[in-house]
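Okay, so here's the structure we're looking at.
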Amino acid sequence: MEIMHKLPKVRILLIMLLLPICTSCSSHMSFLKSENQPPTEEVVSEEAVSVQSSAASGEEIAAPARIEEEREIAASIKIEGEQEIAILVKDEGGRGEEKPLHPSEVSENNPLPPGPQPQKKSDQEMLDSALEFCETANYFWERGELDNALNALDQSYSLILKVNPEDGAEILQQRDDLRFTISKRIIEVYASRFTVANGYKKPIPLVMNRYVERALSLYKGRDRQFFIDAYVRSGRYRPAIVSALRDAGLPEELSWLPLIESGFKIRALSRARALGLWQFIASTGYKFGLTRDQWVDERMDPEKATQAAIGYLKELHQIFGDWETVLAAYNCGEGRVLRCIRTQKINYLDNFWDLYPRLPVETAWYVPKFMAMLHILSDPEAHGFDLPPVQEEIETEQVAFDKQVHVKAVSKHLQVPYELLRDLNPALRHSCTPSRPYALKVPKGKGAVLLSELDDIPVYRPPVPAYVVHRVRKGECLSLIARRYRTSVRAIMALNGLNSSSYIKVGWRLKIPTRRTYASLRKTSSPAPSRPQVKGRAIEYVVRKGDSLWRIANRFATTTEAIQSLNNLNTTRLHIGQVLLIPQEATNLTGIKTRPDAVCPSVSAA
């Protein structure tokens, strides 16, 4: 019984001895278990927070492959405690010696020595590198990789910024030249980006509203034949216009603008004195480089007028930004459209149809007609049109020479139709080249023929004009003007559409018919003398009522042929008041009334 009573005490003593040993074993087992188990959700969340904080601070996050690679490198250089690192340690005297250092001794107090620093480039080497980046940008630009080209140019510019501004003049000159090249290339890249940018819709929207529907009904009805004829003529000029628009980066739909402007007629003239395919007035044509003088008017030259129109359209698009408003401004002028925009009570939100009711009637019809034309050309069958084939484009070449010749004479030597050669050179106002160097267009293959035949083509002598313009001055009358120019009052009235011979105004410009050199415009207020003026072997005679060429010849003892030859008359028809030169010695002219005594009616000064 005593033994049984002692057993519980021994058991309690053993438990107290084994309890510390079991506790230490359990702690060791828990440590091993924590090493083998994956991280808990709390640890993962802490890592995610650390990644987000690093990303927010701008630090780069290494890719998983990079992390594994770094771990392999760290494992390969891990020192187990048996290897040592030799570092250079300096004593107090400044003498250095290599001392083995255990990895455990490497700390903040004993850091590893820094690695070798990269050598700094000289300014010339940085400029050479910048030039290489510039050439790389050119390579990317030619391949159409515009973003890569801009990045290379940015790298090049960042290098030239590192050049010391206190270097020699040669280095600074190279830097400035390279800076200019980079800036020019950037402009070219952005310009090409604008040119080659392709959107999902056309730059000129095909709008359909009640205004466009009215223009469509107009083309389907009254103007149907005009539309078809203009479409046929477009084949001769439109290919060159499309090519020029494509080179300029403008929409190709603008190549149909001459159909609205002129019907593709190169000599079309409007009531506002606008001329040519693109209907330029004189001032606008002069602004964009079109020459206009006595012999040449380049508004009728299709190629030069197209380049001027492209320049004008570009300028208008920079002002307004949308092509519908640009078309309206092309028709009535940018000043008129800008005034309409300023008079609006609300801000102009780049919507042409908000501006439409305020435009002139002709301009308001202009844009809907252009939209209707684009609708028809995009789907002719849907609008009831069966378009015929267009005219073929004529290939030409230019021959420059300094000789005034007539186009008809050139056509004979080249054996080409005169009408064809005249249409190839519509800028020639009188179908003859000016008296200065000029480039004449001829069919392709005829340039060498013209150069070989140029010496045989006669020089063209312009004829005396059929009329001259006279400005009426105070104290003049029609009879006085007729005598001065050796013509008749009736001829002046017929040429100028006058109903009365006694009513003219100061400042009027009258067309005076003439067939030869006229008298000098010296001012005179007194009437002409009644006796004939003797000029060598010729006298002046004023034709009166009842006179004929035969009677005058008999009166002065001469022949009708002599009078006609001296006065350059083609017929025997005479007019009352006409002044004739009579080939005869004036010996005894008394009794011959050569000029009727008449009093000139006063000129109205109103």
Side-chain angles (χ1 to χ4, degrees), residues 462-553 555-556 558 560 562-586 588-606:
V464 177
Y467 65 87
V468 294
V469 179
H470 174 79
R471 184 176 180 275
V472 178
R473 291 171 291 189
K474 188 175 181 180
E476 290 183 333
C477 60
L478 283 182
S479 60
L480 182 63
I481 296 172
R483 284 197 298 269
R484 182 176 303 167
Y485 289 96
R486 297 175 183 175
T487 184
S488 64
V489 174
R490 186 177 298 177
I492 297 176
M493 292 176 61
L495 189 59
N496 293 272
L498 301 178
N499 297 324
S500 174
S501 61
S502 60
Y503 179 75
I504 55 176
K505 289 184 177 180
V506 174
W508 276 8
R509 293 183 179 274
L510 300 177
K511 297 178 182 179
I512 311 299
T514 177
R515 292 182 177 271
R516 55 186 175 83
T517 307
Y518 49 84
S520 60
L521 302 180
R522 59 183 181 274
K523 185 176 180 180
T524 176
S525 57
S526 60
S530 60
R531 296 182 61 83
Q533 296 179 357
V534 180
K535 297 183 178 180
R537 298 182 60 84
I539 61 175
E540 286 185 354
Y541 177 80
V542 181
V543 178
R544 295 173 294 177
K545 185 177 181 180
D547 280 342
S548 66
L549 202 59
W550 181 79
R551 288 182 179 180
I552 296 173
R555 184 178 304 170
F556 290 97
T558 183
T560 57
I563 298 176
Q564 285 181 299
S565 176
L566 186 60
N567 294 272
N568 295 327
L569 300 178
N570 296 326
T571 64
T572 58
R573 184 177 179 181
L574 302 177
H575 304 283
I576 297 176
Q578 184 176 356
V579 179
L580 297 177
L581 293 179
I582 308 300
Q584 181 182 353
E585 286 284 352
N588 186 14
L589 296 176
T590 47
I592 299 178
K593 189 175 181 180
T594 58
R595 294 182 183 272
D597 295 331
V599 179
C600 295
S602 61
V603 177
S604 174

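Because only heavy atoms are used, hydrogens play no part in the values below, and waters and symmetry mates are left out as well, while side chains stay in.
If you take CG on Asn496 and NE2 on His470, they are separated by 11.0 Å, rounding to the nearest 0.5 Å. Note: Leu510 CG to Leu478 CG = 6.5 Å, rounded to the nearest 0.5 Å. Taking CD1 of Ile504 as the reference point, atom CE of Met493 lies at 11.0 Å (rounded to 0.5 Å). How far CD1 of Ile539 is from CD1 of Ile582: 6.0 Å, rounded to the nearest 0.5 Å. Taken to the nearest 0.5 Å, the CD1 atom of Ile492 stands 4.0 Å off from the CD1 atom of Ile512. Note that the CD atom of Gln578 and the CZ atom of Arg573 stand 10.5 Å from one another [nearest 0.5 Å].
Residues satisfying the side-chain contact (heavy atoms from CB on, under 4.5 Å) criterion with Ala494, sequence neighbours excluded, are absent altogether. In this view, Arg490 and Ser488, Ile576 satisfy the side-chain contact (heavy atoms from CB on, under 4.5 Å) rule, not counting sequence neighbours. When the side-chain contact (heavy atoms from CB on, under 4.5 Å) test is applied to Ser565, no partner is found at least two apart in sequence or on another chain.
Ile552 has its side chain out of reach of Thr560: every pair of non-hydrogen atoms, C-beta onward, lies at least 4.5 Å apart. Side-chain contact check for Val579 versus Tyr541: every heavy-atom pair is 4.5 Å or farther apart. In this structure the side chain of Pro583 reaches within 4.5 angstrom of the side chain of Ile563, judged on heavy atoms. Counting heavy atoms from C-beta on, the side chains of Arg473 and Val506 never come closer than 4.5 Å.
Closest approach of Leu549 to Gln564, counting heavy atoms only: CD2-CG, 3.5 Å. Considering every non-hydrogen atom in both Leu581 and Arg486, the closest pair reads CD1-NH1, 4.5 Å. Between Ala482 and Val489 the shortest heavy-atom distance is CB-N, 3.8 Å. The heavy-atom pair separating Leu574 from Leu580 by the smallest distance is CD2-CD1, 4.1 Å.
At a threshold of 4.0 Å, the pair Glu540-Arg483 does not count as salt-bridged, since none of the basic side-chain nitrogens sits closer than that to a carboxylate oxygen.
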